[in-house]
Amino acid sequence: MDKKFFVTTPIYYVNDVPHIGHTCTTVAADIIARYHKLLGEDVFFLTGTDEHGAKVAEEAKKANLSPQEFCDKVSKTFEDIWPKLNIKYDYFIRTTNPQHEKVVQELIQAIYDNGDIYKAKYEGLYCVGCERFYTEADLENGKCPLHPNKEIQRQSEDNYFFKLSKYVPLLIKAIEDPNDPNHYLISPSAKKEEVLSKLKAGVGDLSISRANVPWGIPIPWDNSQTIYVWFDALINYYSALKINKAEGFWPANLHLIGKEILWFHAVIWEAMLIAAGISVPKEVFAHSFYMIDRQKMSKSLGNVISPQDLINKFGVDGTRYLIASSFPRDGDSDVGLTRFTEKYNADLANGLGNLVARVAKLCENNNLQFPPIDLSIFRSIETNKILRSIDSFLREYKLNEALTVIWVAIKGLDAYLDRERPWELTSSEAKKRLGIIVHGSESVVSLLEIASAVEPFMPKIAEKIEKQFTGPKIKSEPPLFPRIK
Ligand code: MSP
């Protein structure tokens with residue numbers, strides 16, 4: 001049986017339309033999913049939208065729509081944009097799907113029956129923007145650090161609490177001890193240390209219900225309360241597989257998320273799963289943020305770049321490349337159209353695009369053919385040395401480093417042609433020499449190796465290169481990446 005690989009993105013709130021922050025995570029997840037497919041694994045790639053809670057209800061009200069109508073409308077903007085970026089997810093989950101709601105109720109009921117949920121009074125601070133509680137110490141100038149424009153709410157109500165504190169020693173052991181049956185990875189390692197030190201500093205129980213947020217899933221044993229939106233949302237990763245009857249994919253191999261939601265994914269989620277007797281995910285990877293002029297992109301700050309703007313300017317694969325090469329793996333990454341345009345022209349128009357045009361022209365002018373070839377040799381780590389050298393980078397989500405390795409091969413082939421100058425040779429000499437160049441391990445073979453290695457990043461471009469160099473006649477084609485001003 002094929003090795004299974006289950007990768008997820010966060011499910012995005014429908015209070016906002018898609019921007020390149022969301023695109024960053026989803027494109028990265030798609031690249032990872034495609035890479036695992038290339039290696040022959042059976043992949044399930046999940047994304048979707050997070051639709052309950054006070055924040056979404058507020059936005060629906062502003063838009064003069066019922067919450068469900070509002071969710072249907074905005075969720076569709078996410079569902080529609082991903083195929084335009086050639087994102088091949090296997091399922092798009094919505095938390096208002098009744099099948100998801102049923103799984104959430106079953107899971108919370110199981111934890112309640114195990115005795116890990118109790119009722120108590122909650123008094124504290126709540127940020128509707130984050131949909132989470134804060135303590136005074138977390139605030140900056142009395143405001144939520146991520147939503148300085150929003151008022152923080154003071155809440156006091158009877159809630160159901162999950163005994164998160166009980167699981168703290170268990171979680172610490174699960175994170176630290178590779179032999180623990182619940183062991184899971186939190187990466188990059190700095191993020192793991194952050195989580196561990198917070199856990200060791202002590203953690204209280206978690207309020208998991210709301211008395212005054214009707215837009216949510218009812219607590220099964222007490223319909224006067226709804227389930228806290230995060231408790232509901234996290235379960236999507238598990239319910240999606242049940243809905244799809246996708247066997248053998250749990251536990252998830254990778255939850256790819258942004259750093260601001262690490263605590264939910266690396267602590268609360270695992271405690272919930274252990275409490276419900278379900279195994280925990282294998283890895284949670286938290287990336288940093290795309291920033292514009294060192295501010296986080298967000299609707300409230302009005303500095304959002306839409307994925308459609310990028311597609312219009314750079315094309316689908318150009319956009320995917322720019323996102324992957326600026327992936328904020330270890331720290332925030334400043335992005336913007338000027339930077340993207342320079343990078344596009346340097347690496348794609350002048351780099352890969354120009355190289356492909358050069359080799360095609362040489363083959364065309366000298367009427368050279370490449371013998372019929374089984375492309376599978378380029379799609380295997382055993383026989384494609386470029387793939388082999390990017391493997392460890394991709395397994396650590398070092399997307400830019402992987403691209404740098406591929407670009408070393410691109411520059412190497414360019415330099416080889418500069419050295420050989422085959423276009424200066426007489427026709428018969430050229431044929432002889434080019435025959436060697438083409439059939440030797442350089443030019444065309446090398447281009448096909450490059451094509452397979454860029455496939456997860458730029459699937460359409462890879463396909464075009466493969467077609468151009470394996471067809472009955474190698475010809476020049478229009479530029480892969482027209483220069484952009
Ligand atoms: N609904 C929750 C997630 C629930 S998952 C069970 C949520 N949604 S969100 O719409 O706010 O999306 C947050 C995620 O979007 C981040 O974790 C990150 O993956 C992505 N990004 C949003 N803005 C971003 C940047 N500026 N830069 C990079 N990614 C960011 O939180």
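No experiment lies behind these values; they were computed from the predicted model shown. Values reported hereafter were calculated over all heavy atoms of this structure, with side chains retained and with hydrogens, waters and symmetry mates removed. Counting begins at 1 with the first residue of the sequence. When a ligand or atom number is given, it counts from 1 through the structure's own listing order.
- The shortest N/O to N/O separation between Pro328 and ligand 1 does not fall below 3.5 Å.
- The closest protein non-hydrogen atom to atom 13 (C) of ligand 1 is Glu260 OE2, 3.4 Å.
- Comparing heavy-atom distances from atom 5 (S) of ligand 1 across Tyr12, Trp269, Tyr237, Phe78 singles out Tyr237 as nearest.
- The N/O atoms of Asp50, backbone and side chain alike, include one that comes under 3.5 Å of an N/O atom in ligand 1.
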query = Can you check salt bridge (Lys or Arg N to Asp or Glu O under 4.0 Å) on Asp116 and Lys166, steps first, answer last?
reply = CA-CA 9 Å; Asp116 280 341; Lys166 166 179 159 188; 2.7 Å; yes
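- Below 3.5 Å of separation, one finds no N or O of Ala233 facing any N or O of ligand 1.
- Distance from atom 3 (C) of ligand 1 to its nearest protein heavy atom, with residue and atom name: Ile11 O, 3.2 Å.
- For the residue pair Tyr184/His255, the side-chain donor-acceptor check at 3.5 Å is not satisfied.
- Side chains of Gln68 and Asp72: a donor-acceptor N/O pair is present below 3.5 angstrom, by distance only.
- Put simply, no part of Glu131 is less than 4.0 Å from ligand 1, judged by heavy atoms.
- One side chain, His100 or Asp232, offers a donor N or O that lies under 3.5 Å from an acceptor on the other.
- A cation-pi contact links Arg132 to Tyr134, judged by a cut-off of 6.0 Å to the six-membered ring centre and 45° from its axis.
- The single protein non-hydrogen atom nearest to atom 23 (N) of ligand 1 is His19 CE1, 3.5 Å, given as residue, atom name and distance.
- Looking at His287 against ligand 1, only its side chain comes within 4.0 Å, counting heavy atoms.
- The residues Arg154 and Glu136 are annotated as salt-bridged, a charged nitrogen and a carboxylate oxygen being separated by less than 4.0 angstrom.
- Residue Trp230 touches ligand 1 through its side chain alone, judged by heavy-atom distances below 4.0 Å.
- Annotation: Phe44 is not in aromatic contact with Trp250 [ring centroid separation under 6.0 Å not met].
- Scanning the protein for heavy atoms near atom 18 (C) of ligand 1, the closest one is Thr25 OG1, 3.4 Å.
- Applying the 4.0 Å criterion to heavy atoms of His265 picks out, from ligand 1, the atoms 5 (S), 6 (C).
- Side-chain polar atoms of Asp138 and Thr135 form a donor-acceptor pair below 3.5 angstrom.
- For atom 26 (N) of ligand 1, the closest heavy atom belonging to the protein is Tyr290 O, 3.0 Å.
- Counted by atom type alone, Tyr122 and Ser156 present zero donor-acceptor pairs between their side chains at under 3.5 Å.
- Given atom 25 (C) of ligand 1, the protein heavy atom at minimum distance is Gly21 CA, 3.5 Å.
- At the shortest separation from atom 10 (O) of ligand 1 among protein heavy atoms lies Tyr13 N, 3.0 Å.
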